[in-house]
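As C-alpha cells, the structure follows; a few thoughts come after it.
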Amino acid sequence: MQKRSAIEGNTETNSSVMSKQRQYLWPSHLLYYEEPLPLDHGLGSYVWDISGNRYLDFFGGILTTSVGHGHPEIVRKTSAQIAKLIHSSTLYPHVNHVRLAEKIASITPGRLQKSYFTNSGTEANELALMAARSYTGNFDIMALRHGYSGNSAATKTLTAHSAWRLESNIVPGIKHAINPYCYRCPYKMHYPSCDVACAQDVEDAIKTTTCGKIAGMLVEPIQGVGGFITPPPAYFGIVAEIVRNYGGVVIADEVQTGFGRTGNTWFGIEQWGVEPEIMTMAKGMANGFPMGNTITIPEVADSLIGQGNFICTFGGNPVSTMAALATLEILEKDAPPSAIAAKGARLRAGLEKIAETSAIIGEVRGMGLMQGLEIVTDRKTKEPAPETVRQIFEKTREKGLLIGKGGMYNNVIRITPPLTTTEEEVDTAVALLQEVFSAFN
Ligand SMILES: Cc1ncc(COP(=O)(O)O)c(C=O)c1O
C-alpha cells in the first residue's frame with residue numbers, strides 16, 4: 001500500500017469524519033469495514049483515503065465508475081459543460097439530452113427507443129412500473145426473490161431481501177416468484193435435468209397470487225445485491241413467454257448489468273436472448289454522476305400521453321448527460337463489450353484457480369467483470385459463512401484492495417472493477433485475493 005505524506009487541503013482524520021457521520025447522518029447508512037473508510041480522491045482503478053493510503057478499487061463505487069476515477073475526458077468535458085450550463089430542467093430541450101437518448105437507443109436491444117432520464121436506479125424502476133401499468137392497463141407486477149430494486153416504497157417492495165425491506169413502506173400489487181439460484185436450488189434439483197423448474201414458478205405465482213393478468217415482471221439479468229445469482233441460459237426465455245401470456249411486459253433492470261458489464265453484449269438481458277419492452281439503467285451510465293434512465297418501446301412511452309404531466313427537475317441535466325455521453329464514448333473506444341469479456345475471463349480464471357485450493361469458496365459465478373464468490377463453512381453443507389467474509393474484508397482492505405459483498409446471507413464477495421481496468425490490475429487483485437484466501441485454508 002502506498003502512502004502519500006499529506007492530502008492537499010484536508011484537515012479531517014478518519015475519526016473526526018466518523019464522529020460527524022454519527023452525529024449528523026442517519027444511522028441507517030450502511031458502512032463497509034469495522035473502521036469505515038473515508039475516501040479522498042481517485043485515479044483510474046485506484047482510490048486514496050484521507051490518510052493517504054491507496055487502494056485498488058475492485059468494487060468500482062458499486063459498479064458505477066465504469067471508466068475509472070478522474071478520467072481526463074470526463075473531467076474535461078463535464079468541466080466545460082459546468083462552465084457553460086449546469087441546469088435547465090426538463091422544461092427545455094437540450095442537445096446533450098437528445099443526443100444521449102439517441103445514443104442509448106442505438107445500443108439497446110430490439111425496439112427500445114424512448115428514454116426518460118432521472119437521477120437513480122430507484123427512480124428508473126418507479127417509472128418502469130408506472131409505464132408498464134399504463135401500457136397494459138393491468139396492476140400486478142411480478143419480481144424475483146433475492147432481487148434488489150431500490151430505496152423507495154415501490155422498489156423496496158420489489159426488493160425481496162428481508163434486510164432491505166421496511167414494513168411501513170410496503171405497497172400493494174407486487175408479487176415474487178422463486179429465483180434461479182442453482183447453487184441453493186429450493187427443489188434440490190440440478191441443471192439441466194431440472195428442466196428449469198424454477199421458471200415455471202413464475203406462472204404458478206401469477207395464477208395463485210394475482211388476478212391472473214399482470215402489468216409486467218421486473219428482473220435483473222444477473223441478480224446484483226442478491227449475490228450475482230446467474231440464471232441457467234434457458235431461464236429468461238421461458239419467463240418472458242409466461243409474462244407475455246399473462247398480459248405483461250418484460251422490464252429488464254440493467255442497473256448493475258448494463259453498459260457491457262457482463263461482457264460481449266451491451267446489456268445483460270441480451271445474454272439470455274430476450275428483448276424487453278422496458279429497460280432501466282443507472283449506476284455505470286454516467287461514471288458516478290447521478291443518472292437513471294427508463295427506456296421503452298415507443299408504444300409503452302406513448303401510452304402515457306394524456307395521463308398527467310410529470311417532470312424530473314434534475315433528470316437529463318446537461319452535466320450528467322455530458323458525463324454519460326463521454327462515458328459511452330470511452331467505453332466504445334477503450335472497453336467495448338468484447339474487451340470486457342476478455343478481461344472478465346482472465347479474472348474468472350484467476351478466481352477459479354484460488355477456488356481450487358480454498359475450500360471456503362462454494363461457488364464462483366457471474367459473467368464478464370461481474371464475478372462473485374459464495375463463501376461457505378464447507379462445500380458439502382454449503383453453510384453460509386458471513387463472519388469469514390467479514391474477516392476477508394478486513395484483510396483485503398489491509399492489503400489495499402476494495403471489494404463488495406452481498407447475498408441473502410451476506411456471504412457473497414462481489415468483484416466488479418472499472419470496465420477499463422487493465423490485465424495487470426486484474427492479476428494484482430487476483431494475487432492479493434490469493435494471499436488472503438491462503439490464510440483461511
Ligand atoms: C439492480 C438494481 N436496481 C436498482 C437499484 C437502485 O439504484 P439506486 O441506488 O441508484 O437508486 C440498485 C442499486 O443498487 C440495483 O442494484
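Start at 1 and go down the list; that is how both ligands and their atoms are numbered. Since the model is a prediction, treat every value here as computed from it, not as a measurement.
In terms of protein heavy-atom proximity, atom 3 (N) of ligand 1 is nearest to D253 OD2, 2.7 Å. The protein non-hydrogen atom at the shortest distance from atom 9 (O) of ligand 1 is T122 OG1, 4.4 Å. Atom 4 (C) of ligand 1 has as its closest protein heavy atom S149 O, 3.4 Å. The shortest contact between atom 16 (O) of ligand 1 and any protein heavy atom is with Q256 NE2, 2.8 Å.
Not a single heavy atom of E254 sits closer than 4.0 Å to an atom of ligand 1. Using a non-hydrogen distance threshold of 4.0 Å, G224 does not register as a contact of ligand 1. Ligand 1 has no atom lying under 4.0 Å from any heavy atom of N151.
Close contacts between ligand 1 and K283 involve ligand atoms 13 (C), 14 (O), 16 (O) [criterion: under 4.0 Å to a heavy atom]. Shown in contact with G150 at under 4.0 Å from a heavy atom are these atoms of ligand 1, numbered in order with element: 6 (C). Of all atoms in ligand 1, numbered sequentially from 1 with element shown, those under 4.0 Å from a heavy atom of N125 are 3 (N), 4 (C). Distances below 4.0 Å separate heavy atoms of E220 from the following atoms of ligand 1: 1 (C). For ligand 1, the atoms sitting less than 4.0 Å from at least one non-hydrogen atom of S120 are 10 (O), 11 (O), numbered in the order shown with element in parentheses.
The aromatic rings of Y116 and F310 sit tilted relative to each other, their planes meeting at an angle between 30° and 60°.
Among residues at least two apart or in separate chains, side chain to side chain donor-acceptor pair (under 3.5 Å) pairs with a member in residues 264-280 are N125-T280, R244-E277, T262-Q271, T265-Q271.
Annotation for E387: atom CD counts as buried by contact number, over 12 foreign heavy atoms lying within 6.0 Å. At most 12 non-hydrogen atoms from other residues, nucleotides or ligands lie less than 6.0 angstrom from CD of E241.
Of the N or O atoms in G121, one or more lie within a sub-3.5 Å distance of an N or O in ligand 1.
A cation-pi arrangement is absent between R365 and F228, since the terminal nitrogen or guanidinium carbon is not both under 6.0 Å from the aromatic centre and inside a 45° cone about the axis.
Not a single side chain to side chain donor-acceptor pair (under 3.5 Å) links K213 to another residue, sequence neighbours left out.
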Worksheet item: Can you list the steps and then say if Y148 with W164 is a ring-ring contact (aromatic ring centres under 6.0 Å, His included)?
Response: CA-CA 8 Å; Y148 179 89; W164 292 101; 5.2 Å; yes
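At a cut-off of 3.5 Å, with distance as the only test, no side-chain donor of Q81 or T78 sits close to an acceptor on the other residue.
A side chain to side chain contact (heavy atoms under 4.5 Å, CB included) with Q256 is found for one member of I222, L63, T416 and no other, namely L63.
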